[in-house]
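Read the structure below first, then the notes.
Residue numbering restarts at 1 for every chain, and letters A, B, ... go by the order of the sequence lines.
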Amino acid sequence: MLKFIPREFEKKWIERWEKEKTYSAKSLPPASTAKNKKMYVLDMFPYPSGAGLHVGHPRGYTATDIITRYYRMKGYAVLHPIGWDAFGLPAENTAIKAKKNPQDMVPANIANFKRQMMMLGLSYDWSRELATTDPHYYGLTQWLFIQFYKRGLLYKKNTPVYYCPYCKTGLAEEEVLPNGTHERCGNQITRKELPQWIFKITSYADSLLAGLKDLKWPPGIIEMQRNWIGKDKGLSIVFPVENSTASFSHLTVWTKYWETVFGVTFLVVSPEHEWLKQLISKNKINKEVREYVHKLLTKTDEQRLKEEKVKTGVFTGYYAVNPVSGQKIPIWVANYVLMNVGTGAVMGVPAHDPRDFEFAKKYRLPVVQVVTYKDKKIDERVKKEEMSYEGEGELINSGQFNGLSASGEGKKKIAEWLIASNIASWKTTYHLRDWIFSRQRYWGEPIPMVYCKKCAKWQPIPEKDLPLRLPYLKSYQPGEDGGSPLLQAKDWLAATCPHCGGEAIRESDTMPNWAGSCWYFLAFTFWNNESGDAAKFLDRLNSSPADFFSEAVSRWLPVDWYVGGAEHAVLHLLYARFWMHALNDMGLVNFREPFLRLRNVGMILAEDLRKMSKSFGNVINPDDVINEYGADALRLYEMFIAPFSQEISWSTAALQGTFRFLKRVWEKFKAYQAEGRGGKVKADARLVLKLNKTLAKVSEDIVEFKFNTAIAAMMEFINEWDKAGAVHELSLEKSQAVKFLKILAPFAPFTTEEIWYEFMEDKSSIHLSAWPEYSLDTTVDEEVTIALQIGGKLRDTLTLLKSQAEEPVVRSRALASEKIKRYVEGKKYRVIYVRNKVMNFVIR
RNA sequence: GCCGCGGUGGUGGAAUGGUAGACACGCAGGACUUAAAAUCCUGUGAUUGAAUAGAUCAUGAGAGUUCGACUCUCUCCCGCGGCACCA
């Protein structure tokens with residue numbers, strides 16, 4: 001073959017690699033002694049939509065493929081699997097629209113994704129391919145659910161949840177976007193009270209926080225996890241309530257600013273507060289309050305977001321006592337106090353909190369200043385009582401603490417005194433809430449629990465009965481009022497109580513789509529489609545859980561490189577970490593953090609800078625690109641165009657650049673075919689040096705995810721090679737040239753394999769060859785160019801052999817330069833010389 | 001408001017204390033061709049200049065540290081992402 005036409009050889013290699021299992025992980029990595037000799041490289045597995053891959057997908061997949069191929073050639077035991085996150089709302093909603101059952105639709109989508117991935121030359125170990133919708137897989141997901149339940153990490157409770165009226169299901173807090181919409185479908189969320197299975201993720205808040213510190217993740221993602229967990233230390237201060245008929249004789253507030261406690265002039269509780277609930281149920285509160293609370297609690301989030309930027313509130317009719325001043329202070333209920341922050345009750349310090357200030361002004365509550373401010377610095381408005389003051393100052397109106405600094409000594413002393421007086425105690429709060437795990441939808445893992453009326457409790461089904469299969473339903477549309485579609489499957493619902501053997505009913509809710517992705521990286525380590533093992537997993541697991549997870553899992557985990565979109569910063573990554581922390585505590589896995597290194601792939605926008613979308617008609621299909629330019633040009637383009645994590649816009653024109661580069665490589669190597677028939681090699685020592693530098697650069701860049709500069713270095717090398725001799729004249733020994741081909745191989749697997757086979761006439765696979773060693777020690781006396789500066793300003797350059805770049809030589813040569821002479825002559829100066837780089841003449 | 005990331009030619013970007021603009025796209029001119037495509041060669045930050053002489057300016061703005069700053073420090077502006085009546 002003479003011309004570079006990728007589509008003419010790509011198909012051949014796809015078939016050959018598959019047939020020869022070039023990329024399957026041959027064996028387990030060696031046990032403990034050589035742990036560093038394994039690499040587990042993982043993509044966040046896709047949900048197989050009907051649309052197939054778009055050009056954004058290959059960006060992440062190519063990066064992991066390059067990393068994988070690099071380590072494979074370095075001799076590491078490498079695991080690089082892929083699977084399908086096929087349960088969940090997107091698949092189900094699409095199926096509803098298409099009037100099909102997702103069970104029928106998903107396999108076709110998977111087949112299409114797989115075909116496209118193979119076209120891209122991705123070196124997955126396909127023998128480990130798995131789908132979360134496979135009963136063999138979700139049986140294990142259910143098994144894990146039962147263990148978490150037995151461990152006390154799951155409970156069922158009637159609770160107000162975020163509810164998507166379009167998807168007709170309850171949702172986790174994490175699935176609601178800041179604008180109050182559902183992250184999957186974009187519709188406005190409301191609230192609904194539903195019985196829900198809930199994970200006690202809050203009991204792992206500290207563990208999840210602590211684990212972050214060893215992770216090699218982008219700082220932004222770590223920060224987002226930290227903020228989401230939202231650990232905060234403050235004081236709980238107890239305020240006695242006068243004449244309270246609820247079971248509360250006091251209200252507890254939580255605050256970080258206890259130094260202003262002498263300035264508390266009122267208390268505010270949130271409408272959801274338990275104290276109010278009790279007063280209302282005992283009818284011990286006036287009608288106005290009852291109506292106000294009722295109005296707020298029945299409002300949807302949409303309304304609250306829109307209407308409640310304005311603070312409203314009602315006096316409850318009750319009073320508390322400020323425990324430090326003994327002053328009687330009114331208790332209000334207001335919309336600006338949130339139940340899920342602190343204790344759901346706040347102390348009102350209008351002089352020093354802008355929200356309390358606004359509220360106090362509106363309802364004419366007293367303002368007591370307890371921190372001084374310096375006249376000059378402070379806005380006039382503070383003095384005129386038009387706004388609150390949150391700055392530094394000394395305490396006043398604060399009893400024995402007057403005169404101390406509010407943020408320093410005073411703050412410390414007041415805390416000690418409050419605690420010693422039994423008025424307050426340290427209290428850590430978290431933003432993280434427990435994880436709502438029930439979905440009132442069809443397309444998910446059935447929750448393996450049954451309810452027995454006689455025993456009056458929920459119980460897990462026996463593990464030996466797993467998997468609990470999802471019944472095939474003709475009509476599976478979500479029900480109204482939070483009823484699951486599985487409620488229609490009457491036969492399926494009927495079960496026996498594992499305890500008393502009587503009649504029981506199955507849980508009809510399903511798991512959220514996160515369930516499958518919480519542990520799939522474990523499954524890859526032992527999954528094998530060829531041995532037929534999958535059917536036996538549950539038996540083996542039930543006979544000895546610890547053994548089942550021990551070997552393959554402990555040798556491969558944790559995942560060394562994990563790559564996917566930044567949109568999973570909190571949701572998937574937090575949930576998966578939580579499961580692993582819990583499994584570790586249960587003694588089933590020997591690690592806590594599943595993902596050692598994380599990299600986020602930047603999005604690919606359309607050429608018009610908008611998101612690629614069918615409705616804009618700007619979608620680029622990888623099939624078309626591959627057909628015209630070949631998979632390698634596409635891979636190189638996506639890696640070359642920008643740093644990996646940066647958002648980019650598609651450019652077909654720029655893609656031509658990487659195509660041309662491959663073509664030039666092809667042409668260079670074609671010459672070796674002629675060499676075999678008597679072509680001449682005139683080796684060029686300088687080119688060999690450049691080659692070694694390129695080998696070093698590419699090797700280093702790959703493991704730093706700097707694919708763009710690695711490719712640039714290879715392009716530079718080809719440019720040099722061209723300069724070293726005419727196109728059909730060889731300036732490198734074949735044994736040297738082969739090294740270049742090898743470092744290009746992870747980036748352009750098809751082209752390099754074809755060249756290797758056809759022109760280098762090696763019939764093994766280049767992808768199983770050894771990564772080239774390189775040496776930067778050289779006998780070549782390189783030329784270096786030294787910048788000559790006057791006071792740091794470039795005036796001339798000097799090129800000489802490296803061996804001669806001693807200071808005196810450079811200095812005398814520099815002073816011989818007219819350009820330097822004219823600045824330096826007759827002046828006093830000193831000289832700074834940085835070897836091989838720069839000589840700076842500093843005129844005094 | 002708070003947290004994180006970023007701001008460099010016509011464009012994507014490179015350089016993390018040492019010649020700013022590597023590499024690529026685009027553009028211009030040329031070669032080859034009946035012609036086009038493909039390919040190859042040359043040029044390409046701005047201003048000034050006949051100049052491939054030289055000079056001046058230039059990495060969001062301003063200050064600082066340094067012999068020397070895209071790079072380090074401070075202040076500010078802008079963009080993107082996340083969080084937020086967080087008490």
Side-chain angles (χ1 to χ4, degrees), chain A residues 3-4 177-178 218-228 230 232 234 237 253-258 260 267-268 270 304 308-311 334-338 340-349 352-356 358-359 390 429-431 566-567 569-570 600 636-637 640-643 645-661 663-664 667 706 708-719 722 726-727 785-798 818-819 822 829-844:
Chain A
K3 286 233 165 95
F4 178 62
L177 297 178
I221 304 292
I222 300 230
E223 239 359 76
M224 280 163 75
Q225 292 236 339
R226 188 167 282 138
N227 290 341
W228 188 261
D232 228 335
I237 305 179
V253 304
W254 180 82
T255 180
K256 285 190 281 185
Y257 308 103
W258 56 82
T260 61
L267 293 187
V268 196
S270 88
R304 284 185 92 156
E308 298 188 17
K309 286 291 163 195
V310 180
K311 292 178 179 49
N335 61 347
Y336 79 96
V337 176
L338 306 175
N340 60 6
V341 179
T343 57
V346 302
M347 56 183 210
V349 188
H352 305 290
D353 182 287
R355 294 151 306 180
D356 296 344
E358 188 190 331
F359 191 73
E390 293 95 53
T429 64
Y430 298 88
H431 170 260
E567 68 274 17
V570 174
N600 292 123
L636 276 172
Y637 163 71
F640 174 65
I641 197 65
S645 57
Q646 196 165 304
E647 189 174 273
I648 52 169
S649 62
W650 180 263
S651 160
T652 303
L655 178 100
Q656 316 241 10
T658 54
F659 179 76
R660 277 179 208 145
F661 165 67
K663 202 164 168 180
R664 289 175 67 195
E667 292 299 330
K706 286 155 80 172
N708 56 334
T709 49
I711 293 166
M714 291 190 279
M715 288 173 165
E716 239 180 279
F717 176 74
I718 288 290
N719 289 344
D722 267 350
V727 177
T785 301
I786 293 164
L788 304 178
Q789 301 178 333
I790 304 296
K793 229 175 190 156
L794 181 75
R795 293 301 173 185
D796 200 1
T797 59
L798 174 64
E818 283 302 323
K819 294 173 192 169
R822 79 174 199 243
Y829 59 86
R830 66 192 174 100
V831 175
I832 288 160
Y833 179 53
V834 181
R835 210 191 149 105
N836 301 334
K837 284 195 170 148
V838 66
M839 178 166 278
N840 192 6
F841 294 84
V842 185
I843 313 283
R844 284 175 209 257

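- Two residues, A/Gly344 and A/Ala654, neighbour RNA chain B, and the one matched to the more 5' nucleotide by heavy-atom proximity is A/Ala654.
- Distances were taken from every side-chain heavy atom of A/Ala653 (C-beta onward) to each of B/G26, B/G4, B/A87; the shortest belongs to B/G26.
- To the nearest whole angstrom, the two P atoms, one in B/U42 and one in B/A35, are 23 Å apart.
- Using a 4.0 Å cut-off between a side-chain N of Lys or Arg and a carboxylate O of Asp or Glu, A/Arg226 and A/Glu223 qualify as a salt bridge.
- A distance of 10.0 Å separates CZ in A/Arg795 from CD in A/Gln789, rounded to the nearest 0.5 Å.
- Between A/Arg830 and B/G68, a side-chain N or O to OP1/OP2 separation shorter than 4.0 Å is absent.
- You'll find that the side chain of A/Phe640 is closest to B/C23, out of B/C85, B/G82, B/C23.
- Rounding to whole angstrom units, CE of residue A/Met839 and P of B/G68 are separated by 17 Å.
- With its glycosidic angle more than 90° from 0, B/G49 adopts the anti conformation.
- Look at A/Arg660 and you'll find a side-chain N or O under 4.0 angstrom from OP1 or OP2 of B/G26.
- Nucleotides B/A58 and B/C70 are separated by 11 Å at their C1' atoms, to the nearest Å.
- Going from the P atom of B/C67 to that of B/A53 covers 33 Å, rounded to whole Å.
- With both ends at atom P, the span from B/A69 to B/C57 equals 13 Å, rounded to whole Å.
- Taking every heavy atom of both residues into account, A/Tyr637 and A/Ala654 meet most closely at CE1-CB, 3.7 Å.
- Taking atom C1' in both B/U16 and B/G10, the straight-line distance is 27 Å, to the nearest Å.
- Per the geometry, CD belonging to A/Gln656 stands 10 Å off C1' belonging to B/C25, to the nearest Å.
- Contacts of A/Arg795 with the nucleic acid, taken as non-hydrogen atoms under 4.0 Å apart, involve only primed sugar atoms and P, OP1 or OP2.
- Separation of the P atoms belonging to B/U75 and B/C80 is 23 Å when rounded to the nearest angstrom.
- Taking atom CD on A/Gln225 and atom C1' on B/G4, their separation rounds to 14 Å, with Å as the unit.
- For the side chain to side chain contact (heavy atoms under 4.5 Å, CB included) with A/Lys819, the qualifying choice from A/Asp796, A/Leu794, A/Ile790 is A/Asp796, the only one to do so.
- Residues A/Ile221 and A/Val842 both approach RNA chain B. Their nearest nucleotides, taken by heavy-atom distance, put A/Ile221 toward the 5′ side.
- When heavy atoms are screened at a 4.0 angstrom cut-off, A/Tyr257 is found touching the sugar-phosphate backbone but no base atom.
- For the residue pair A/Val268 and A/Ala334, the shortest heavy atom distance occurs at CG1-CB, 3.3 Å.
- B/C72 and B/U66 have their C1' atoms separated by 10 Å, with the value rounded to a whole Å.
- For A/Lys663, whose side chain is taken as the heavy atoms from C-beta onward, the closest listed nucleotide among B/C85, B/A84, B/A38 is B/A38.
- Residue A/Glu223 contributes atom CD, which lies 6 Å from atom P of B/G4 at whole-angstrom precision.
- One can place CH2 of A/Trp228 at 13 Å from C1' of B/C86, the figure rounded to the nearest angstrom.
- In terms of phosphate contacts, A/Lys311 brings no side-chain nitrogen or oxygen within less than 4.0 Å of OP1 or OP2 of B/C85.
- Closest to the side chain of A/Tyr336, out of B/C85, B/C57, B/C25, is B/C85.
- Minimum interatomic distance between A/Lys256 and A/Asp232 (heavy atoms only, all atoms of both residues): NZ-OD2, 3.2 Å.
- The closest donor-acceptor contact from the side chain of A/Asn227 to the backbone of A/His431 lies at 3.5 Å or more, if one exists at all.
- Ring geometry, A/Phe659 versus A/Phe4: the interplanar angle falls from 30° to 60°, so the pair is classed tilted.
- As a whole-Å value, the separation of A/Asn335 CG from B/A87 P is 18 Å.
- Across all non-hydrogen atoms, the minimal contact from A/Asn600 to A/Pro218 is OD1-CG, 3.5 Å.
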task: Scan nucleotides 14-20 of chain B nucleotide by nucleotide, 5' to 3', and note B when protein non-hydrogen atoms come under 4.0 Å of the base, S if they reach only the sugar-phosphate, - if neither.
output: SS--BB-
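- Between the C1' atom of B/U11 and the CH2 atom of A/Trp650 lies a distance of 16 Å, rounded to the nearest Å.
- The two residues A/Trp650 and A/Leu655 come nearest to each other via the heavy atoms CH2-CD1, 4.3 Å.
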query: What pattern of brackets, bars and dots sums up RNA chain B from 5' to 3', given Watson-Crick or G-U wobble pairs under 3.5 Å, [ ] for crossing pairs and | for another strand?
result: (((((((..(((.....[....)))((((((.......))))))((((.....))))..(((((..]....))))))))))))....
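- The separation of B/G60 from B/G54, taken at their P atoms, amounts to 28 Å, rounded to a whole angstrom.
- Considering only side-chain N and O atoms, A/Lys793 lies nowhere under 4.0 angstrom from the phosphate OP1 or OP2 of B/G54.
- For the residue pair A/Asp356/A/Tyr336, the side-chain donor-acceptor check at 3.5 Å is satisfied.
- Taking both residues in full, the closest heavy atoms of A/Met224 and A/Val570 are given as O-CG2, 4.1 Å, listed atom of the first, atom of the second, then distance.
- Among the atoms of the strands shown, only primed sugar atoms or phosphate atoms (P, OP1, OP2) are found under 4.0 Å from some heavy atom of A/Asn719.
- A straight line from CZ of A/Arg355 to P of B/A87 spans 6 Å, rounded to a whole angstrom.
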